[in-house]
Amino acid sequence: MVEPHASNAAVASTAPLPRLDFIDALRGLVIALMVLDHTRDFVNQQAFLFDPLDLDKTSVALFLTRWVTHLCAPTFVMLSGVSIFLQANRGKTGWALSRFLLTRGLWLIVLEVTVVDFGFDFRPAIFLQVIYAIGLSMVLMSAAVHLPRRGVLALGIVLVAGHNLFDGVDAATLGAWGLPWQLLMQPGPLPFGFIAYPVLPWFGLMCVGYGIGGVYLLESSRRTRTLALMAIAMLLLFFVLRLPNLYGDPRPWTVPADHELTPLAIMSVAKYPPSLDYVLVTLGISTLLGLALGRAPAWLLKPFLAFGRTPMLSYLLHIYLAHTFAVVIAQFYGVPARHFIGTLSDPSRLRADGWGLSLWGTYAVWLAVLVVLYPIATAYARYRATHKKWWLSYL
């Protein structure tokens, strides 16, 4: 693993910063988990019947399979902020950085409403998810990077920690302001589609990543210690807020009918939009996982590095791979391929077909998708490392 040195001279230098492999590895890990989540959406029978986080219906295994994928979006968005800081540290500042963030952000929004949404639904659709949120956050960051880094960090903390104060505000009561409120803060149906990722809380996370970016330039042992303390602090604050239902999530937890599921009830936090409790527990865990990956053997890191160095391509391809696997496998169960068109908005036909695999079958398909995706990601990562074309930073 190639790492930066900790001296102030090194931090201030405009020389290219060596790649921080553990960041790529963590990004690759959450992409692999994202593949699991979307594979479950396409092939798991229970996914068409009920919410896997519903403690009255789910099993522990299914709950954890869904819950672990909660790590994906906040980690990805936060690391996007860190990456923006590292680009600025390498010398891409001012208008050059703003122009890149603006154009890349708009490009991601276009990809979301075209390539991504078509891959999920196999027909044109407007479903604003994580790529949209990252794209619009980058558009906002194109202006925010002109602020002092501590100011951006403060803005991020206010948005992440403070947006739950407005949980009781309903867009339906705001008249003409309802649509802007939904785009900023409240998931739900839109006149032209559906929004799952209103931007402000996610933009706050990106600001936090940018604001703490300097930690990733510290000498290895100091960086590890600082990140570990931050992770532990986040997890402790999560339990302080969550156990007595003080603040930070719109859904207070209660003891379920099956008392043995109480730990799951505590961990069942709101993702849409990401509550403060959700951010604290997911980023606390993912930060510790990132530190563990920094000590992992090279053979274990290889697939994660491949996915983490090609995040956009890996994200786009996995949707089509997982959805195609579902269609092909379903043919052996007599399910018409046309029933997979429009399932994002209406899965009722697949429910009527009784389509779906067991959880073990879902994991088998997930691994198959990763096996197919890995050599493609490896080849593209190698190409990106040996070619310096401008368009590579957009895919």
Side-chain angles (χ1 to χ4, degrees), residues 19-38 64-86 108 129-138 141 153 156-157 159-161 196-197 199 201-213 215-216 223-224 226-235 237-238 267 269-296 300-301 303-315 318 370 377:
R19 259 195 116 81
L20 292 166
D21 281 357
F22 82 99
I23 295 180
D24 286 334
L26 178 56
R27 187 183 289 116
L29 172 62
V30 298
I31 287 176
L33 293 175
M34 196 177 297
V35 176
L36 172 62
D37 193 31
H38 295 149
L64 294 177
T65 298
R66 173 64 177 110
W67 195 94
V68 73
T69 64
H70 276 353
L71 303 181
C72 301
T75 304
F76 211 83
V77 174
M78 189 274 292
L79 289 180
S80 295
V82 173
S83 296
I84 293 169
F85 171 84
L86 295 178
L108 291 180
Q129 302 182 81
V130 67
I131 299 301
Y132 156 82
I134 293 174
L136 188 51
S137 294
M138 284 187 172
M141 281 296 295
L153 176 60
I157 292 173
L159 290 175
V160 171
Y197 285 73
V199 70
W202 299 105
F203 172 58
L205 264 178
M206 188 174 288
C207 289
V208 169
Y210 179 85
I212 66 171
V215 172
Y216 292 82
R223 181 183 66 231
T224 298
T226 303
L227 288 174
L229 289 174
M230 289 170 58
I232 293 169
M234 284 189 284
L235 292 174
L237 182 56
F238 166 76
M267 300 295 286
V269 285
K271 178 182 180 180
Y272 306 104
S275 69
L276 173 60
D277 289 352
Y278 169 92
V279 169
L280 291 172
V281 69
T282 55
L283 286 187
I285 292 173
S286 69
T287 300
L288 293 178
L289 287 175
L291 295 177
L293 287 171
R295 299 176 178 271
L300 180 60
L301 291 178
F304 298 140
L305 289 173
F307 302 141
R309 289 171 179 168
T310 59
M312 193 70 254
L313 182 71
S314 295
Y315 183 87
H318 95 266
L370 293 180

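Positions are given from 1, in the same order as the sequence printed here.
Looking at heavy atoms from C-beta onward, V30 lies out of side-chain contact with L79 at the 4.5 angstrom threshold. Contact of the I23 side chain with the L86 side chain is registered, since non-hydrogen atoms from C-beta on lie closer than 4.5 Å. With a 4.5 Å cut-off on side-chain heavy atoms, V269 and F238 count as touching. Using a 4.5 Å cut-off on side-chain heavy atoms (C-beta onward), L29 and T75 make no contact. Under the 4.5 Å side-chain criterion, counting only non-hydrogen atoms from C-beta, M230 is not in contact with L283. Here the side chains of V281 and L235 are in contact, with some heavy-atom distance below 4.5 Å. A heavy-atom distance below 4.5 Å is not found between the side chains of F307 and M34. Side-chain contact check for F76 versus I134: some heavy-atom pair is nearer than 4.5 Å.
Residue D21 holds its CG atom at 11.0 Å from CG of L293, rounded to the nearest 0.5 Å. Rounded to the nearest 0.5 Å, atoms CG (L280) and CE (M234) are 7.5 Å apart. Between the OG atom of S314 and the CZ atom of R27 there is a distance of 11.0 Å, given to the nearest 0.5 Å. Here S83 contributes atom OG and D24 contributes atom CG; the two are 8.0 Å apart, rounded to the nearest 0.5 Å. Distance check, rounded to the nearest 0.5 Å: CE of M78 to CD1 of I212 gives 5.0 Å. Annotation: the span from I84 atom CD1 to M141 atom CE amounts to 4.5 Å, rounded to 0.5 Å.
The two atoms that bring G156 and V208 nearest to each other are C-CG2, 3.6 Å, heavy atoms only. Here the closest heavy-atom approach between residue V199 and residue S137 is recorded as CG2-OG, 3.7 Å. Of all heavy-atom pairs spanning C72 and L33, the tightest one is SG-CB, 3.5 Å. When every heavy atom of T224 is checked against every heavy atom of L291, the shortest pair comes out as O-CD1, 3.8 Å. Across every non-hydrogen atom of I31 and P311, the tightest pair is CD1-CA, 3.5 Å. Summarising the geometry of V130 relative to A73, their closest heavy-atom pair is CG2-CB, 4.1 Å, with the distance given to 0.1 Å.
Taking T282 as the reference, nothing meets the side chain to side chain donor-acceptor pair (under 3.5 Å) condition, with sequence neighbours excluded.
The backbone N or O of R66 sits less than 3.5 Å from a side-chain atom of T69, completing a donor-acceptor pair. Side chain of H318 to main chain of Y315: a donor-acceptor pair is present (N/O by atom type, distance under 3.5 Å, no hydrogens or angles).
Relative orientation of the Y278 and W202 rings is perpendicular, given thresholds of 30° and 60° on the angle between their planes. Using bins of under 30°, 30° to 60° and over 60° for the plane-to-plane angle, the ring pair Y272/Y197 lands in the perpendicular bin.
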